[in-house]
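Comments concern the structure below.
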Amino acid sequence: MLLFAGALAGLFTAVYIRVEIPNPHDSASRQATVYYWADGSRMVSVGDVNRQDVKLSQVPDSVQRAVIAAENADFYHDSGVSVTGIGRAAVNIVKGEETQGGSTITQQYVKNTYLSQDQTVQRKIKELFLSLKVSNQRPKAEILEGYLNTSWFGRDAYGVQAASYAYYGIPAKELNPSQGALLAAVLKGAESFDPSLSADNRQRAEDRWSWILDRQVDTGSMSAEERAKHTKFPEPKPPVKPTSQAGQTGYLVDIANKYLKSRSGITGKDLARGGYSVHTTFEKDKVLALTKAVEQVRADRLDPKKRAEDQYVQVGSASIRPEDGAIVAVYGGSDAIEHFTNNADTSGVPAASAFKPFVYAAAVEKELESGERPAEGADPEPLKSRPAGPPTASVDLHSALVGSDHTPFVETGKKVGLKKVKELAVASGLREESMAELEPTFAIGTSTPSAVRLASAYTAFVNQGRVTEPYSVTKVERSGVAVDGFGQPKPRRAMSSEAASIVGAALRQVAWGAVGPPKGQWTSVPSCAGKTGPNDRMNSAWFIGATPELSTSVAMFRTKPDVPQLLPMQGVGGPDSERGSAFPPLIWKAYNEAAAPAPPYPADGPKDRP
């Protein structure tokens with residue numbers, strides 16, 4: 001054992017002596033991340049390094065203390081490494097688990113400045129020896145300065161100076177102790193702690209911000225009296241997108257980034273570091289057509305200067321290819337560098353009557369289970385000509401859906417069971433977290449799915465009950481090497497083909513009444529549509545139209561900055577607009593006629609004209 005220990009010590013010493021501190025990374029050599037349209041042409045290049053080095057003397061002592069308290073309380077007294085942290089990270093690497101946490105400030109500085117971000121045992125060993133050497137040869141103040149200038153704070157910001165501008169619009173030297181604590185909090189991972197990204201992030205950020213201030217008291221770097229002054233959370237300003245992401249581009253990048261993060265281990269920090277090629281499903285001509293349709297209807301029908309009800313109107317839209325679930329176009333808002341919320345991919349807008357088809361489908365499925373319906377594949381159309389007897393839910397709901405009647409759906413929700421309705425809606429692709437409480441009005445659309453999710457869920461009605469998870473990225477490469485986890489998702493069954501056919505028959509009648517045939521002709525192409533109507537009293541207007549080529553959802557609502565609730569839709573566009581519900585069908589029709597024009601009908605006339 002003594003010989004082994006001696007040999008190990010000798011090996012350690014020999015390696016330590018041989019290790020040389022390399023030259024720092026050249027930030028200018030960082031590559032951009034490039035996003036491509038579906039046809040392979042370049043959409044946008046993102047990733048110039050946003051970093052401005054500052055001297056440690058330009059960073060307030062309170063900010064330095066907050067960072068040390070949060071990341072490495074023993075920074076000024078340790079050897080530069082945490083052996084237990086490295087050991088734990090090595091074990092996690094072998095097990096394929098998360099490796100973050102446990103590193104000292106010196107180790108993080110070494111990784112940021114001299115090493116790659118690869119999560120390998122070899123890199124952790126290099127980090128150990130380099131950290132020891134740097135700690136022995138460099139003053140702690142120099143290490144802290146380097147760490148503050150190289151760390152990732154989110155919002156495309158490397159270093160405390162860039163972060164100070166990104167979060168508060170001021171230079172680092174003007175940060176107060178409360179703001180400094182928030183920046184120290186996001187060092188743990190901006191994707192989880194940037195309060196602007198979600199309500200959950202906001203709560204996590206406030207909890208960690210408070211903990212960091214308390215931690216400074218515990219470590220003696222802040223007095224209890226000083227801590228008592230900082231009780232109000234220092235809300236940062238909204239994030240600002242680069243001008244290259246103006247228009248719809250920023251929304252498209254957001255959707256692509258969200259998808260690729262969910263399918264791989266890639267983080268926002270990785271993307272900002274650059275070098276990725278991201279191939280998307282977005283089709284430029286359809287994005288332009290959707291934008292034109294929204295802007296034309298807004299310009300023709302809304303007048304916010306003369307009509308107060310037309311102020312603060314927002315539109316969100318998404319278009320999906322039913323065949324494979326590809327997101328081909330979105331409209332996320334007026335401009336991604338001015339309106340930061342992506343209206344196409346955010347929840348919060350009640351679906352109202354657009355949710356009713358899922359109640360209808362759940363009712364049909366229950367009848368199928370009880371044997372009250374004809375066998376699958378039978379013609380669902382002659383329902384009203386069935387022998388006399390108690391009317392089935394399908395007959396009642398067909399008329400109620402077309403006539404925008406709420407009562408039958410509330411009653412059906414009770415009979416079928418709201419849990420069953422919810423399960424079918426989630427199976428169709430609506431997210432669990434967007435589902436409302438299971439109380440009677442659940443059946444008439446109190447849930448708040450995104451435009452992307454509603455467009456995807458409606459593909460079930462033109463796909464014989466099958467849906468495919470919506471996707472926006474087909475391939476990701478870095479330095480020419482493909483990243484695993486991407487490809488076309490496989491379809492799954494959301495409802496029986498008969499349920500899809502029966503509900504689809506009603507939705508075709510809704511579509512015909514709302515938008516009629518394509519421009520200048522009848523159509524032989526079935527179009528299924530769900531919409532809000534004059535009987536809806538929620539603060540939203542929806543239209544979702546699905547054909548075999550495209551399923552497109554359009555949502556209209558009103559939201560004012562700093563007002564958490566949606567504003568009323570009554571009077572939008574004038575007294576005859578049906579609470580704004582007249583406009584989403586116009587947007588859909590204008591877009592669909594440009595993006596997926598109906599094929600010529602046969603010479604002998606249309607085959608399934610209603």
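Atom set for the values below is all heavy atoms of this structure, side chains included, hydrogens, waters and symmetry mates excluded.
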Is there a donor-acceptor pair under 3.5 Å between the side chain of [X] and the backbone N or O of [Y]?
X	Y	answer
Ser103	Gln108	no
Ser264	Lys261	no
Ser553	Ile544	no
Ser577	Val572	yes
Arg138	Ile143	no
Ser210	Asp207	no
Asp310	Lys305	no
Gln58	Lys173	no
Thr346	Asn342	no
Trp542	Ser353	no

| task | Go through the steps for Leu430 and Leu454 under the test side chain to side chain contact (heavy atoms under 4.5 Å, CB included), then give the verdict. | result | CA-CA 7 Å; Leu430 304 189; Leu454 262 184; 4.1 Å; yes

First locate atom [atom1] of [X], then atom [atom2] of [Y], and finally report the distance between them rounded to the nearest 0.5 Å.
X	Y	atom1	atom2	result
Phe193	Asn201	CZ	CG	8.0 Å
Tyr147	Thr150	OH	OG1	8.0 Å
Leu197	Glu191	CG	CD	8.0 Å
Ser447	Arg431	OG	CZ	14.5 Å
Phe583	Phe543	CZ	CZ	15.0 Å
Gln64	Glu145	CD	CD	9.5 Å

| query | Ser151 and Val160: side chain to side chain contact (heavy atoms under 4.5 Å, CB included), yes or no, with the steps? | reply | CA-CA 8 Å; Ser151 290; Val160 67; over 6 Å; no

| Centroid-centroid distance, Phe355 to Phe442, less than 6.0 Å | yes

Minimum heavy-atom separation for [X] to [Y], with atom names?
X	Y	result
Ser277	Tyr36	CB-CE1, 3.9 Å
Gly180	Val63	CA-CG2, 3.9 Å
Ser540	Met569	N-CG, 3.7 Å
Leu418	Pro440	CD1-N, 4.2 Å
His230	Ser178	ND1-CB, 3.9 Å

| query | Using the ring of each side chain (for Trp, its six-membered ring), is Phe233 parallel, tilted or perpendicular to Trp209, with breaks at 30° and 60°? | reply |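 Perpendicular.
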
| request: For the pair Phe358 and Tyr458, name the ring-plane relationship: parallel under 30°, tilted 30 to 60°, perpendicular over 60°. | output: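 Correct class here is perpendicular.
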
| query | Can we say Asp194 and Arg155 salt-bridge, meaning some charged N sits less than 4.0 Å from an Asp/Glu carboxylate O? | reply | yes

| field | Salt-bridge present (Lys229, Glu226; N to O < 4.0 Å) | value | yes

| message | When you compare the side chains of Thr532 and Ser581, does any donor N or O come within less than 3.5 Å of an acceptor on the partner? | response |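 There is such a pair between these side chains.
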
| task | Report yes or no: do Tyr259 and Asp345 form a side-chain donor-acceptor pair below 3.5 Å? | result |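 Side-chain D/A pair, Tyr259 to Asp345: absent.
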
| task | Report the C-alpha separation of Tyr35 and Leu252 in whole Å, then their side-chain angles, then the decisive distance to 0.1 Å, and conclude whether the side chain to side chain contact (heavy atoms under 4.5 Å, CB included) test is met. | result | CA-CA 9 Å; Tyr35 297 80; Leu252 299 174; over 6 Å; no

| said: Within a 6.0 Å radius of atom CD on Glu433, are there more than 12 heavy atoms belonging to other residues, nucleotides or ligands? | reply: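 Result for CD/Glu433: enclosed.
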
| message | With side chain to side chain contact (heavy atoms under 4.5 Å, CB included) as the criterion, how do Tyr331 and Ile587 come out once you've worked through the C-alpha distance, each side chain's angles and the decisive distance to 0.1 Å? | response | CA-CA 11 Å; Tyr331 181 87; Ile587 293 171; over 6 Å; no

